[in-house]
Amino acid sequence: MTFQSILDEIRNNLNKVLSELSISDISFSVEPAKPGFGDVSSNISYLLAKQLKKSPQQIAQIISENYNKNIHTLVLKSEPHPSGYVNFFANWNQLSQLILSESNLDTFGFVELGKQSTIVVEHTSVNPNKALHIGHVRNIIIGDCISRILKKADYKVNVLNYIDDSGLQVADILVGFTHFNFDQEPPNGKKFDHYCGDDVYVKTTQKYEEDPSLEDIRKNILKELEDGSSETAKFADVITRKVLANQLETCWNLSVTYDCLNFESQIIRSGLWSEIFEKLKEMKLVEFENDGKNTGCWVIRGDGKEEDKVIVRSNGTATYIAKDIPYAAWKLGLLDDPFHYEKYPISQPNDQKLWQTTLNDSDSSENDFTGQKVITVIDSRQARLQKIITDLMAKFKSVEDAYVHLGYESVTLSSDTAKTLGLETEGKQTQMSGRKGLYVSADSVYDLLKEKTIQETSKRHPEMNSEEIGDIAHNVAVGTLRYEMIKYDLDKIITFDLTKSLSLEGDTAPYIQYTHARASRILEKSGRTPSIDVNYSMLSEKSELDLVKTIGLFGIAVKDSANNLSPKVIARYCYDLAVSFNSFYEHNKVLGIGDENLENSRLCLVNSFKMTIERALDLIGITAPEKM
RNA sequence: GGACUCGUUGCACAGUCUGGAUAGUGCGAGCGGCUUCGAACCGCUAGGUCGAGGGAUCGAAGCCCUCCGAGCCCUCCA
């Protein structure tokens, strides 16, 4: 694992030094050094200070001296720092060789964390009554990046999208179609999902406020939805599948794909709920209330000071959270699978197979989309409900962390952007609202970014045709949007601003993609494929070795990212790698330097960089064009 | 009222999980760099009581406690 190799070597040798000094059981750190402190650092002497009754400086001195007596291959020397750290300097002749030759392998960056265990990643799960907005995009991109990263970390990943096709939001647009005469054909070529969200949904919910008696119609429609044989349910199926197809277009356009679509209507009709409800009763996880404010309901007891949660109403119907319980249990493979699977009629990009659940047992294939672990990506406003599910699953499965709610903060609109949508917020950011029509759609942001990129690219490449420019603009637009969605920590609110969030400069995807284009250009101009059999010891400039080192850190970044379910780590790695390359590019010429051997070595380095940035970007679903 | 999350330079963030050296980056501001492998770039300068207070520690932006500020959740809504 490249840079990990030198960390391992140092750890082993330090342990040897410790045992020579008859010291044991110290868990010290061995990590990549901060700039200016060698290549690797250890805090070992701080930890021994008390035991040895010596200052960290003195101990660092002793350890370094002893360390240098040992045989080492990847380390040149160990050096005590006056602060007390023990710093190590790499033998770059050896380490460059190791890192750069490994970087040529397809498996570069692969880490054996999952050991081929199965894991479910569920994301997207947007009600099929509207187009995706920028807030949904955060969910989708986080989920997609996590699945890509987990695959790189040796997990078998099943990506699911839960289609809530029988909920209240769907009922609302049905009310619009059936009672307010909304045309089923959108006006002047508008995408159907946008039409349903912008027009039918918003205007129908407006009418509820004007006329509360409409609530009865709404409730009726909702009830009919749950009965699969009703005309309403059949109509709903037509509408929601049209919306879903449009939503998937948006996702696919952003390089997001799935393995299986799970329809809520089918979960309801499968009878999984009554199965799990019996189990809950047996395990005494739900209780029937004979008095109090929840009289006649089945509830889950609140934790500590939390209120009890009703899961079956006194009229016998299940609440929102109740529907999630059988699905969660199904995802973990705790229930007999009632579903059959058929191919989704439209094919995904790259022909990746997409399945959908069906209760129809003819003409279907055997599949298993469950996992030993489950990660559900839902925004953190649902944390309370997800905690209830998590607790239940821990009891069902008898494994603590089998079900993980991966929460993230929402995307809000900046005051300026809200104003362009007609809402005055007095300088404050504001939550989006589908019901109020207060949102920025994913498609419109993509279009804006693409248009902007087309302009930039045309300026630079007047010789290109529009198709070529369009391809580049697509990759840059998708990259920019994806990067913007994951570069912040999951628990930071993203305030989306129609002008400020669409920058193509600084810490953005185009910056990283641009370095890739620079590298590609060098390789193209060199007119040859770099040979791997070169003497890497010719690489000795600081910026060269920094680049080699950053390339070598790929695997460590993947491991960190997978362990912490943090796509941001890969985004930052990509950025660091690009910064490293730009520094190298600024300080060293590759072509026409009059030294064939050095040129060869640098070409190899450029090639390793190009392959590594491509692989790293791929983990966050970003493609870097050859030219831009 | 209770639960959870956040607070680091003018703005937006990284670093906090796993304590240790000189707290990093981008935007913005000021200055400088294309007859050179692509300036969507690079270099330099200015800008920080790490929300406040206390505690444990040889050592805290990081761990524990209290407080303040912001967000969000707490329906027989979804």
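Throughout, a chain's letter reflects where its sequence line sits, starting with A, and its residues are numbered from 1.
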Novice: What residues from residues 215-224 of chain A pass a heavy-atom cutoff of under 4.0 Å to RNA chain B?
Specialist: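 Within this stretch, nothing sits under 4.0 Å of the strand.
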Novice: In plain terms, say whether A/Glu307 and A/Arg384 are close enough for a salt bridge, that is, a side-chain N and a carboxylate O under 4.0 Å apart.
Specialist: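 So A/Glu307 does not pair with A/Arg384 through a salt bridge.
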Novice: Check every atom of B/rU75, B/rG33, B/rC73 against the side chain of A/Glu307 and return the nucleotide holding the closest atom.
Specialist: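 Output: B/rU75.
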Novice: Regarding A/Thr295, tell me which of base, sugar-phosphate or nothing describes its non-hydrogen contacts under 4.0 Å with the strands shown.
Specialist: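 Touches a base.
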Novice: Which of these nucleotides, B/rC37, B/rA78, B/rA14, is closest to any side-chain atom of A/Leu385?
Specialist: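 Among the listed nucleotides, the one closest to the side chain of A/Leu385 is B/rA78.
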Novice: For the pair made of CG in A/Asp308 and P in B/rC76, what is the distance, rounded to whole Å?
Specialist: 10 Å
Novice: Could you check whether A/Arg138 makes a cation-pi contact with A/Tyr408, meaning its NZ or CZ is under 6.0 Å from the centre of the six-membered ring and within 45° of the ring axis?
Specialist: no
Novice: Would A/Tyr511 pass as stacked on B/rA40, i.e. its ring centre under 5.5 Å from the base's six-membered ring centre and planes under 30° apart?
Specialist: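 No, the aromatic ring of A/Tyr511 does not stack with the base.
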Novice: Step by step, would you call A/Tyr327 with A/Tyr162 a ring pair (Phe, Tyr, Trp, His ring centres under 6.0 Å)?
Specialist: CA-CA 9 Å; A/Tyr327 181 48; A/Tyr162 180 73; 4.4 Å; yes
Novice: Hey, are A/Lys452 and A/Glu456 close enough for a salt bridge, meaning a charged N less than 4.0 Å from a carboxylate O?
Specialist: no
Novice: Using the C1' atom as the point on both nucleotides, what is the distance between B/rG48 and B/rG24, in whole Å?
Specialist: 12 Å
Novice: State the pairing partner of B/rC13; accept Watson-Crick or G-U wobble contacts with both distances under 3.5 Å, and report none otherwise.
Specialist: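 Because both required distances fall under 3.5 Å, B/rC13 counts as paired with B/rG24.
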Novice: Between B/rC41, B/rC76, B/rG71, spot the one nearest the side chain of A/Val310, thanks.
Specialist: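 Output: B/rC76.
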Novice: Donor-acceptor check, side chain of A/Asp165 to backbone of A/Ser265, threshold 3.5 angstrom: yes or no?
Specialist: yes
Novice: Think A/Lys50 has a side-chain N or O under 4.0 angstrom from the OP1 or OP2 of B/rC58?
Specialist: yes
Novice: Of all the choices, B/rC76, B/rC42, B/rC17, which nucleotide is nearest to the side chain of A/Glu586 once you look at every atom?
Specialist: B/rC42
Novice: Looking at B/rC37, B/rC41, B/rC76, which one has an atom nearest to any side-chain atom of A/Arg518?
Specialist: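 Shortest atom-to-atom distance from the side chain points to B/rC41.
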Novice: One thing to verify: whether A/Lys387 and A/Glu306 come together as a salt bridge, which I'm taking to mean a side-chain N less than 4.0 angstrom from a carboxylate O.
Specialist: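 Between A/Lys387 and A/Glu306 there is no salt bridge, as every charged N stays at least 4.0 Å from the carboxylate O atoms.
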Novice: Which of these nucleotides, B/rG71, B/rC77, B/rA12, is closest to any side-chain atom of A/Tyr488?
Specialist: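 Nearest listed nucleotide: B/rA12.
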Novice: Is it the case that B/rA78 (base atoms only) and A/Thr319 (side chain only) share a donor and an acceptor within less than 3.5 Å, ignoring hydrogens and angles?
Specialist: no
Novice: Please confirm whether the shortest side-chain N or O distance from A/Gln431 to OP1 or OP2 of B/rC72 is below 4.0 Å.
Specialist: yes
Novice: My understanding is that a pair needs two contacts under 3.5 Å, Watson-Crick or G-U wobble. By that rule, which nucleotide pairs with B/rG30?
Specialist: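 Check on B/rG30: paired to B/rC44, both distances under 3.5 Å.
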Novice: How is A/Asn588 classified with respect to the nucleic acid when contacts are heavy atoms under 4.0 Å: base, sugar-phosphate, or nothing?
Specialist: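 It contacts base atoms.
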Novice: State, to 0.1 Å, how close A/Ile622 and A/Arg482 come at their nearest heavy-atom pair, and which atoms those are.
Specialist: CG1-CB, 4.3 Å
Novice: For B/rC76, does the base pair up with any side-chain atom of A/Ser314 as donor and acceptor (N or O, under 3.5 Å, distance only)?
Specialist: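 Such a pair exists between side chain and base.
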Novice: Applying a 4.0 Å non-hydrogen cut-off, can you work out what A/His516 is touching in the nucleic acid: base, sugar-phosphate, or nothing?
Specialist: nothing
Novice: Test side-chain hydrogen bond (donor to acceptor under 3.5 Å, both in side chains) on A/Asn315 and A/Thr317; report intermediate values, then the result.
Specialist: CA-CA 6 Å; A/Asn315 69 4; A/Thr317 58; 2.7 Å; yes
Novice: Does the ring of A/Tyr320 carry A/Lys323 above it, NZ/CZ under 6.0 angstrom from centre and within 45° of its axis?
Specialist: no
Novice: Check every strand shown and say whether A/Thr457 touches a base, only sugar-phosphate, or nothing at a heavy-atom separation below 4.0 Å.
Specialist: base
Novice: Quick one: list whatever passes salt bridge (charged side-chain N to carboxylate O under 4.0 Å, His left out) with A/Glu287, sequence neighbours left out.
Specialist: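 With neighbours one apart ignored, the set is A/Arg301.
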Novice: Do A/Thr453 side-chain and B/rA40 base share a donor-acceptor contact under 3.5 Å?
Specialist: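 Result: no qualifying N/O pair found.
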Novice: If only side-chain N and O atoms count, and only distance matters, is there a donor-acceptor pair under 3.5 Å linking A/Thr495 with A/Gln429?
Specialist: yes
Novice: Is A/Leu504 touching bases, backbone alone, or none of the nucleic acid, heavy atoms closer than 4.0 Å?
Specialist: base
Novice: Taking atom P in both B/rU25 and B/rA46, compute the distance separating them and give it to the nearest angstrom.
Specialist: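 The same atom, P, in both gives a distance of 13 Å.
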Novice: Roughly how many Å apart are B/rA78 and B/rC11, using the C1' atom of each and rounding to a whole number?
Specialist: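 Looking at atom C1' only, B/rC11 and B/rA78 are 37 Å apart.
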Novice: When the C1' atoms of B/rC50 and B/rG38 are compared, how many Å lie between them, rounded to an integer?
Specialist: 40 Å
Novice: Taking atom C1' in both B/rU18 and B/rA40, what distance in whole Å separates the two?
Specialist: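 After rounding to an integer number of Å, I get 37 Å for this pair.
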Novice: Just by distance, do the side chain of A/Thr295 and the backbone of A/Gly292 share a donor-acceptor pair under 3.5 Å?
Specialist: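 Yes, A/Thr295 side chain to A/Gly292 backbone: donor-acceptor pair under 3.5 Å.
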Novice: Which atoms of nucleotides 4-6 of chain B (N or O only) lie under 3.5 Å from a protein N or O atom, and what are those distances?
Specialist:
unit_1, atom_1, unit_2, atom_2, d
B/rC6, OP1, A/Asp491, OD2, 3.3

Novice: Any N/O pairs under 3.5 Å between the protein and nucleotides 22-27 of chain B? List them or say none.
Specialist:
unit_1, atom_1, unit_2, atom_2, d
B/rU25, O2', A/Tyr575, OH, 3.4
B/rG26, O2', A/Asp507, N, 3.4

Novice: Using atom C1' in both nucleotides, what's the gap between B/rA39 and B/rC34 to the nearest angstrom?
Specialist: 6 Å
Novice: Check this one for me: any side-chain N or O of A/Asn564 less than 4.0 Å away from OP1 or OP2 of B/rC17?
Specialist: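 For B/rC17, OP1/OP2 do not have a side-chain N/O of A/Asn564 under 4.0 Å.
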Novice: With heavy atoms under 4.0 Å as the rule, sort A/Leu168 into base, sugar-phosphate or nothing.
Specialist: sugar-phosphate
Novice: Taking atom types as modelled, find out whether A/Glu289 and A/Asn294 have a side-chain donor-acceptor pair closer than 3.5 angstrom.
Specialist: no
Novice: Tell me, please, which residues at least two apart from A/Glu586 pass salt bridge (charged side-chain N to carboxylate O under 4.0 Å, His left out).
Specialist: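 In terms of salt bridge (charged side-chain N to carboxylate O under 4.0 Å, His left out), with neighbours along the sequence ignored, A/Glu586 is linked to no residue.
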Novice: Touch check for A/Asn87, heavy atoms < 4.0 angstrom, all strands: base, sugar-phosphate only, or nothing?
Specialist: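 Here A/Asn87 touches the bases of the nucleic acid.
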Novice: Report the residues that fulfil side-chain contact (heavy atoms from CB on, under 4.5 Å) with A/Ser520, sequence neighbours left out, ordered by chain and then residue number.
Specialist: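 Listed in chain order: A/His516, A/Lys610, A/Glu626.
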Novice: Give a yes/no on whether any side-chain N or O of A/Tyr514 is located under 4.0 angstrom from OP1 or OP2 of B/rA40.
Specialist: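 For A/Tyr514, the contact criterion (side-chain N or O under 4.0 Å from OP1 or OP2 of B/rA40) is met.
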Novice: With both distances kept under 3.5 Å, what pairs with B/rU66, Watson-Crick or G-U wobble?
Specialist: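 Paired with B/rU66, as far as the under-3.5 Å criterion goes, is B/rA52.
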Novice: B/rG53 and B/rG69: how far apart are their C1' atoms, nearest whole angstrom?
Specialist: 15 Å
Novice: Check whether any side-chain N or O of A/Arg521 sits under 4.0 Å from OP1 or OP2 of B/rG38, and answer yes or no.
Specialist: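 Yes, within the criterion.
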Novice: Taking only side-chain nitrogens and oxygens of A/Lys568, does any of them come within less than 4.0 Å of OP1 or OP2 of B/rG15?
Specialist: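 True: A/Lys568 side-chain N/O within range (under 4.0 Å) of B/rG15 OP1/OP2.
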Novice: Is any side-chain N or O of A/His587 under 3.5 Å from a base N or O of B/rG43, one able to act as donor and the other as acceptor?
Specialist: no
Novice: If you measure from the P atom in B/rC63 to the same atom in B/rG19, how many Å do you get, rounded?
Specialist: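 B/rC63 and B/rG19 have their P atoms separated by 9 Å.
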Novice: Side chain of A/Ser42, backbone of A/Ser29: donor and acceptor closer than 3.5 Å?
Specialist: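 Answer holds: yes.
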Novice: Measuring from the side chain of A/Asp489 (C-beta onward, heavy atoms only), which nucleotide among B/rA40, B/rA14, B/rC72 has the closest atom?
Specialist: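 That would be B/rA14.
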Novice: Please give, in whole Å, the distance from B/rU18 P to A/Ile556 CD1?
Specialist: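 After rounding, the reported distance stands at 19 Å.
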Novice: With the side chain of A/Glu306 defined as its heavy atoms from C-beta on, choose the nearest nucleotide among B/rA78, B/rA3, B/rC76.
Specialist: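 Minimum distance to the A/Glu306 side chain belongs to B/rA3.
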